[in-house]
Every structure is written in C-alpha cells, then in structure tokens.
Amino acid sequence: MSEADLPKVELHLHHEGAAPPEFIRQLAYEKKVDLSRVFTPDGGYAFENFVHFLEVYEAATSVLQTPEDFARLTKAILEESADNGVVYTESFISPDFCGGGDVGAWREYLHAIREAAEAVEASRGITLRGIATPIRHFGPEKAKRAALCAAETAGDWLVGLGMGGDEGQGHQGDFAYSFDMAREAGLKLTTHAGEFGGPESVWEAIRDLNVERIGHGVRSIEDPALVAELVARQITLEVCPGSNVVLGVYDSFEAHPIARLRDAGVNVTVSTDDPPFFHTTMRREYEMLAQAFGWKEDDFRAMNDTALKAAFCDDATRARVKERLERP
Ligand code: ADE
Ligand code: ZN
C-alpha cells in the first residue's frame, strides 16, 4: 500500500470551489448562463492570479442557484473525495452564495446539503461537517449577516465559522463582531490568514479573532516568534500546498514550508482548498508530499491524527472517524 492509499481527514475544502468544471458547465447549460470566460479551451477553470481566481470562482458559483443545485454538488464532491480515500471532511459553505444572507433561505440550503451528505455517508462512509463562510472582500456588514445565519444554525452539523476571500482587503479585526457572535453560538473558528497576507495577518487572526485554526497560515514561517506562538497555543494550520503552488505563493512543493513548520512543532494538516481549480486531489497532495519530503506512512498517519484532533465535530463523530482511520 502506498501513502496515498491511506484513509484521510480533510479540514479545508471550499464547497463551491470543489465543483468540477463539467458540473458547472452542465448547470450553466441548463440555466442558459454564458460562462465562456470561466473556462480554458481544454475545459479547466481559467485564471491568471489570486484576485482573478476569486472572480472566476464567483462567476462559476453564479450557476448554483437553488438548494437542489447544492444537493447535487454535495453528492458530486463527496463521491470524488471518497474516491480519494477521504473519510471525514469539513467544507466551507457561504451564506452569501446560499440564499444571499437570508436566514430562512440559508436553512433550506443547509438542509438540502446535509441530506445529500447523509446519503453519501450511508453509501460511501465519508462524513461531512459544515463551516459557514463570510467572504472577506464582501465586507464586514455582509459578514455579520453570514455570521447570523451561522449562529442561528449552529449545532452538531454546522460546526464552525471560517472566513475566506481576499486577504488583501481590510483587517481580520474588522470582522471581530461576526466571530464573537459565532463563538457565543458555540461555533469553532478559523480564518484564511498567511496565504497572501504575511505573518501580520496571522498575528491579527490570533489576537483579534481568537481562532483555533488558521486556513493556510504558511507564511508564518517568515516570523520565528509567530511560529513559537502557534506551537504554544496549539493552533492547527489547514495547509493546502498544491493550491499555494498553483496560485504562486511558492514555486514548488520542494520550496513549500509545510515540512519546516511541522519540524518546528506546529500542528500541520493537508487539504486541497479548491481541487479542480488547482488540478489536485487529496491523493495527489499525499503523493507530492511523499516525493518532495520523503514522508512515509507514519508521517501521514500522524498528520491525520492531528487533523482529527483539530476537527470541529463533536467527540462521538471524532471517535467514529478514528475507527475508520485505523481500519487496516
Ligand atoms: N476562497 C476559495 N479559495 C480561497 C483561497 N485559497 N483563499 C481565499 N479565499 C478562497
Ligand atoms: Zn481556502
């Protein structure tokens, strides 16, 4: 058995960003939406850089218009994840894309997503939990609406709040109200930081949002005091090496800091972010890490244990997933 065959835990997957291009093209056809600028001639997603990626992402997402569309998407992405050996995943789902920030509409989308996920769990043994996602470049007021949706639906399925979007816009602390509301509702917290923003963005996330995990966080490597702080606070990084390489944060897997962060004692985990955008899968991430750093089965097993400990699900779910990870 190769490392890539191991059962896997994934903590950082964007629901819309996991949509295969052919899935989006089919919906565009059904709804008569012109998405020609979204695709390359060979059918992949077309983008030049991070900000352009976000624009293309939102254009592609515009064809996801109903709870039924999200149910179909959920089935497609969980089957793909299960094919890659993923046994537990958390996905970022935005109230902005699921009902425009309206709590009643959001409930309907969540219900449809959850029902679809439970059907795939029954057939393929993969568990999904949701993280509600304010979009940073939509601004703090829209984030408050998203956080209210999250707070109203917090529970054993919707387990976290996690901000995505353009880290170049504003500051983490501009969203403190939303994160406080989510925390008070019992949700766990994460935010994208230290991807396109430098170490200061990660410091802000820790100080101003008091998150327990960081999306990416890899540029923490530029500040030894921050690395020490991540270790001291036991903050877990949701690292997405393939995403970072395609978006140009690092030139190659070999140049990626994941191994140095791990060796410094930081809790690192591996995820795909938006797999079809970045031509990756969980299996490929494992293969590339094994090739770049010589990681073996024990390294990946330890990383999955780290991920499961940092998962936002309840302990009964954690125990169930642990059994799947340990299955021979
Ligand atoms: N939304 C989807 N993918 C993202 C990424 N890599 N960074 C920030 N926001 C995102
Ligand atoms: Zn992300």
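If you read the sequence from its start, that first residue is 1, and numbering goes on from there. Only a predicted model underlies this, so the values are computations on that prediction, with no experimental measurement involved.
- Glu222 is listed as a side-chain neighbour of Pro199, based on a closest heavy-atom distance under 4.5 Å.
- In this structure His279 satisfies the side-chain hydrogen bond (donor to acceptor under 3.5 Å, both in side chains) test with no other residue, sequence neighbours excluded.
- Between Ile214 and Val202, the closest side-chain pair of non-hydrogen atoms falls below 4.5 Å.
- Applying the ring pair (Phe, Tyr, Trp, His ring centres under 6.0 Å) test to Tyr250 and every residue at least two apart in sequence or in another chain returns His256.
- Checking Leu230, Thr306, Thr269 one by one against Leu237, the side chain to side chain contact (heavy atoms under 4.5 Å, CB included) holds for a single residue, Leu230.
- Atom CG of Asp42 has more than 12 heavy atoms from other residues, nucleotides or ligands within 6.0 Å.
- Annotation: side chain to side chain donor-acceptor pair (under 3.5 Å) contacts involving residues 46-57, sequence neighbours excluded, comprise Glu16-Tyr57.
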Give every donor-acceptor pair under 3.5 Å between a side-chain atom in residues 18-28 and any protein atom, sequence neighbours left out.
from	atom 1	to	atom 2	distance (Å)
Arg25	NH1	Gly43	O	3.3
Gln26	NE2	Glu30	OE2	2.8

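- Evaluation of the side chain to side chain contact (heavy atoms under 4.5 Å, CB included) rule for Lys296 yields Glu3, Asp299 as partners, not counting sequence neighbours.
- Within the structure, ring-ring contact (aromatic ring centres under 6.0 Å, His included) pairs that include any residue of residues 133-183 do not occur (at least two apart or interchain).
- By the side chain to side chain contact (heavy atoms under 4.5 Å, CB included) test, Ala292 pairs with Phe253, Glu254, sequence neighbours left out.
- A side-chain donor-acceptor contact under 3.5 Å links Asp223 to the backbone of Ala225.
- At least one side-chain heavy atom of Leu78 sits less than 4.5 Å from a side-chain heavy atom of Thr74.
- Trp295 places no side-chain N or O within donor-acceptor distance of the main-chain N or O of Leu289, the cut-off being under 3.5 Å.
- One distance of note links CD1 of Ile131 with CG of Leu187; it measures 9.5 Å at 0.5 Å rounding.
- Inter-residue side-chain proximity for His15 and Leu128 is flagged as met; some heavy-atom pair is nearer than 4.5 Å.
- Within the 4.5 Å cutoff, no side-chain heavy atoms of His14 are placed close to those of Phe277.
- Among residue pairs with one or both ends in residues 199-237, those qualifying as ring-ring contact (aromatic ring centres under 6.0 Å, His included) are His12-His216, His192-His216; sequence neighbours excluded.
- Between Val211 and Ile235, the closest heavy-atom pair is O-CD1, 4.0 Å.
- Other residues, nucleotides and ligands place no more than 12 heavy atoms under 6.0 Å from the NZ atom of Lys142.
- Partners of Asp156 according to the side chain to side chain contact (heavy atoms under 4.5 Å, CB included) rule, which considers only residues two or more places apart in sequence or in another chain, are Arg114, Asp314.
- The 12-atom threshold is exceeded at NZ of Lys144, counting heavy atoms of other residues, nucleotides or ligands nearer than 6.0 Å.
- Of the inter-residue distances, the one linking Thr190 atom OG1 with Glu90 atom CD reads 9.0 Å to the nearest 0.5 angstrom.
- Every side chain to side chain contact (heavy atoms under 4.5 Å, CB included) that Tyr109 has, sequence neighbours left out, goes to Pro67, Phe70, Cys98.
- Between the Glu200 side chain and the Gly197 main chain, no donor and acceptor come within less than 3.5 Å of each other.
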Walk me through it: do Arg284 and Glu287 pass the test salt bridge (Lys or Arg N to Asp or Glu O under 4.0 Å)? CA-CA 5 Å; Arg284 177 177 175 271; Glu287 286 166 356; over 6 Å; no

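- Through side-chain heavy atoms spaced under 4.5 Å, either directly or across other Ile, Leu, Val, Met, Phe, Trp or Tyr residues, Leu11 is tied to Val9, Val87, Tyr88, Leu308, Val321, Leu325.
- Under the side-chain hydrogen bond (donor to acceptor under 3.5 Å, both in side chains) criterion, Thr133 pairs with no residue at all, not counting sequence neighbours.
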